[in-house]
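Below is one structure, written out as structure tokens, with a few remarks after it.
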Amino acid sequence: MPNRDIPLFIFKVANINVMKNLLIILIITISIDSTYGQAKKDKTIELLSDNQGWYEGSIMLSDGEELKGLVKYNDRNGVLAMHNGVDSRPFSARNVIAFEFFDESLQIQRLFYTLEYEDPITNVKRPQYFEVLRDYKTFVILIKADPIEVSEKAKHSFLGDTYNNPANAKVTLEVSQTETVYILNEKGDIMPYFQVINIEDGDKSFLAIDNSRTKNKMVDKDLLAEYVTTPVFEKLESYAKENDLKFKRKQDFLKILTYYDSIRK
């Protein structure tokens, strides 16, 4: 693969203690051409739940072994797998350093690292997969999709006997998935910046989706300003205002980052 510089601190965050030559091999084998970075600037990263195909890629295991073949990452349940032409093999995040694949639907190369982070459900730190959106050497912008959550909701009508008899209420399913954008600094801190919550409602009886919506939540509005100079951040704010962009909307945020890339040069 072509060479691409990767900040060494991202490996320290992953708590990987390997020999120096293994680190060099790792940097080379999971490196990506500079065109990868340029392609990502012009593409919007959508939920992988919409992209469940097998893609050409590679997986770097914690023992230094690199596997190449068809890779599939299902962010609905956080399962990573590789297909060898006969059968598929799942991989635990505890045994993976990083993986990448060429997403044919978006026509871009995608890179993921395994980092220790607190599980929002169990509140216990465990290895989780994070995708790299931008690598600015002194800080990295990451995104992680949590597994989907499913809940049942009963809709009552104030007319007829549905309201008086809850047993006749229409039961719907609410399926939601939360994506969080983070900033990873040189100290290894993984800090949430904003969240995108994708929600779909459907009729439980017919398993049909009849409503979808997105909620955007800013977790720490001042976080990005800590990692870019004040004059530059003011330019980002002006650009966002002039183009009606919001920092807490994923597609808008990627456009803002593309602008940031242009003024950094």
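What you see is a predicted model, and the numbers here were worked out from it, not measured in a lab.
Atom CZ in F112 sits 9.0 Å away from atom CG in L80 (nearest 0.5 Å). For the atom pair CG of L224 and CE of M191, the computed distance is 10.5 Å after rounding to the nearest 0.5 Å. Interatomic distance, CD of E242 versus CD of E237, reported as 12.0 Å (0.5 Å rounding). With values rounded to the nearest 0.5 angstrom, I197 atom CD1 is found 8.5 Å from N216 atom CG. Once rounded to the nearest 0.5 Å, the distance linking CG of L257 with CG of L236 reads 8.0 Å. How far NZ of K235 is from CD1 of I256: 15.5 Å, rounded to the nearest 0.5 Å.
Closest approach of Q195 and V219 over heavy atoms only: CG-CG2, 4.0 Å. The shortest heavy-atom contact between Y129 and K144 is O-CG, 3.4 Å. Summarising the geometry of D75 relative to Q177, their closest heavy-atom pair is O-NE2, 3.1 Å, with the distance given to 0.1 Å. The nearest pair of heavy atoms linking K250 to I143 is CD-CD1, 3.8 Å. Between M82 and G57, the shortest heavy-atom distance links the atoms CE-O, 4.3 Å. Contact between D244 and D252 at its shortest, heavy atoms only, is O-OD2, 4.0 Å.
Here the side chains of E56 and L70 are in contact, with some heavy-atom distance below 4.5 Å. Taking the side chain as every heavy atom from C-beta outward, Y259 and N243 never approach each other to under 4.5 Å. Contact of the F253 side chain with the I141 side chain is registered, since non-hydrogen atoms from C-beta on lie closer than 4.5 Å. Looking only at side-chain heavy atoms (C-beta outward), E226 and I183 stay at 4.5 Å or farther from each other. Taking 4.5 Å as the limit, every side-chain heavy atom of H83 sits out of range of all side-chain heavy atoms of K72. Considering only heavy atoms from C-beta on, R126 comes within 4.5 Å of R94 through its side chain. Taking the side chain as every heavy atom from C-beta outward, Y239 and Y260 never approach each other to under 4.5 Å. Using a 4.5 Å heavy-atom cutoff, the side chains of V228 and F139 are in contact.
Checked against the 6.0 Å centroid threshold, Y73 and F101 do not count as a close aromatic pair.
No donor-acceptor pair closer than 3.5 Å links the side chain of T114 to the backbone N or O of P127.
When the side chains of ILVMFWY residues are joined at heavy-atom separations under 4.5 Å, either directly or via intervening members, F194 and F247 end up in a single hydrophobic cluster. V196 and I199 are assigned to two separate hydrophobic clusters, defined by single-linkage of ILVMFWY side chains at heavy-atom distances under 4.5 Å. Cluster annotation: V175 and V79 are assigned to distinct hydrophobic clusters (Ile/Leu/Val/Met/Phe/Trp/Tyr, side-chain heavy-atom contacts under 4.5 Å, transitive).
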The test is side-chain contact (heavy atoms from CB on, under 4.5 Å); show your working for L61 and V96 and say whether it passes.
CA-CA 4 Å; L61 303 181; V96 174; 4.2 Å; yes
### Query
How far apart are the C-alpha atoms of Y136 and Y227, what are their side-chain angles, what is the distance that settles it, and do they pass the ring-ring contact (aromatic ring centres under 6.0 Å, His included) test?
CA-CA 10 Å; Y136 293 117; Y227 295 92; over 10 Å; no
Item to complete: Check the pair R134 / T258 against side-chain contact (heavy atoms from CB on, under 4.5 Å), numbers first and verdict last.
Response: CA-CA 10 Å; R134 291 290 196 279; T258 297; 3.4 Å; yes
Given salt bridge (charged side-chain N to carboxylate O under 4.0 Å, His left out), test R213 with E174 step by step and report yes or no.
-> CA-CA 11 Å; R213 60 194 186 277; E174 181 180 274; 3.2 Å; yes
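Aromatic ring pairs are classed by plane angle as parallel below 30°, tilted from 30° to 60° and perpendicular above 60°; the pair Y117 and F130 is perpendicular.
For the pair K137 and D135, the salt-bridge criterion is met [side-chain N within less than 4.0 Å of a carboxylate O].
Take E104 and apply the side chain to side chain contact (heavy atoms under 4.5 Å, CB included) test, not counting sequence neighbours, and it matches Y55, F102, Q107.
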